[in-house]
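Here the structure is laid out as structure tokens; the discussion comes afterwards.
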Amino acid sequence: MNTVDGKYLMLRGKPLVREKQQICYGDMNDKYVLVLGIMSTKVYKGKEVPDQILIQIQSTSDGKVVKVGSKNGLYEAFEYGLIWLESELKAAK
């Protein structure tokens, strides 16, 4: 996984970066990061919004996926992903 240079959105003290259909959340200095893949979209009130989301917890050292799942809706996927990420980071200490 490549590092990001420049300014980007910070959330809860960690970077949140989107590139096309992929969202990455977490500090590359931590052992794991959360990666959300937008698999499909739907139209809601005339706007295209993410629908089916692939949730992955990835190792920052080798990019290996240690946990994977999917949810409908970006909010729900991000909430689950945050719980999984916190759990993996605590277990790694």
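Note: the hydrophobic cluster containing M39 also contains V65 (ILVMFWY, side chain heavy atoms under 4.5 Å, direct or indirect links). Residues L89 and M28 fall into different hydrophobic clusters, defined by Ile, Leu, Val, Met, Phe, Trp and Tyr side chains chained together at heavy-atom separations under 4.5 Å. L34 and V68 end up in different hydrophobic clusters when Ile, Leu, Val, Met, Phe, Trp and Tyr side chains are linked at under 4.5 Å. Neither I38 nor V17 shares a network with the other; the hydrophobic side chains, linked directly or stepwise wherever heavy atoms of I, L, V, M, F, W or Y lie under 4.5 Å apart, form separate groups for each. In this structure, L54 is not a member of the same hydrophobic cluster as V35, with clusters built from ILVMFWY side-chain heavy atoms closer than 4.5 Å.
Put simply, the side chain of T41 never gets that close to the backbone of D51: no donor and acceptor are under 3.5 Å apart. Within the 3.5 Å criterion, the main-chain N or O of K14 finds no donor-acceptor partner in the side chain of R12.
V49 forms part of a hydrophobic cluster together with Y44, judged by ILVMFWY side-chain heavy-atom separations under 4.5 Å.
Of all non-hydrogen atoms in Y32 and A92, the two that sit nearest each other are CE1-CB, 4.0 Å.
To the nearest 0.5 Å, atom NZ of residue K67 and atom OG of residue S87 are 6.0 Å apart. Atom CD of residue Q22 and atom CD of residue Q56 lie 7.5 Å apart, to the nearest 0.5 angstrom.
Side-chain atoms of I55 and L36, non-hydrogen and from C-beta on, do get closer than 4.5 Å to each other.
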For residues 70-85, which side-chain donor-acceptor pairs fall under 3.5 Å, sequence neighbours excluded?
from, atom 1, to, atom 2, distance (Å)
S70, OG, Q52, NE2, 3.2

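In terms of the salt bridge (Lys or Arg N to Asp or Glu O under 4.0 Å) criterion, D27 has no residue partners (sequence neighbours excluded).
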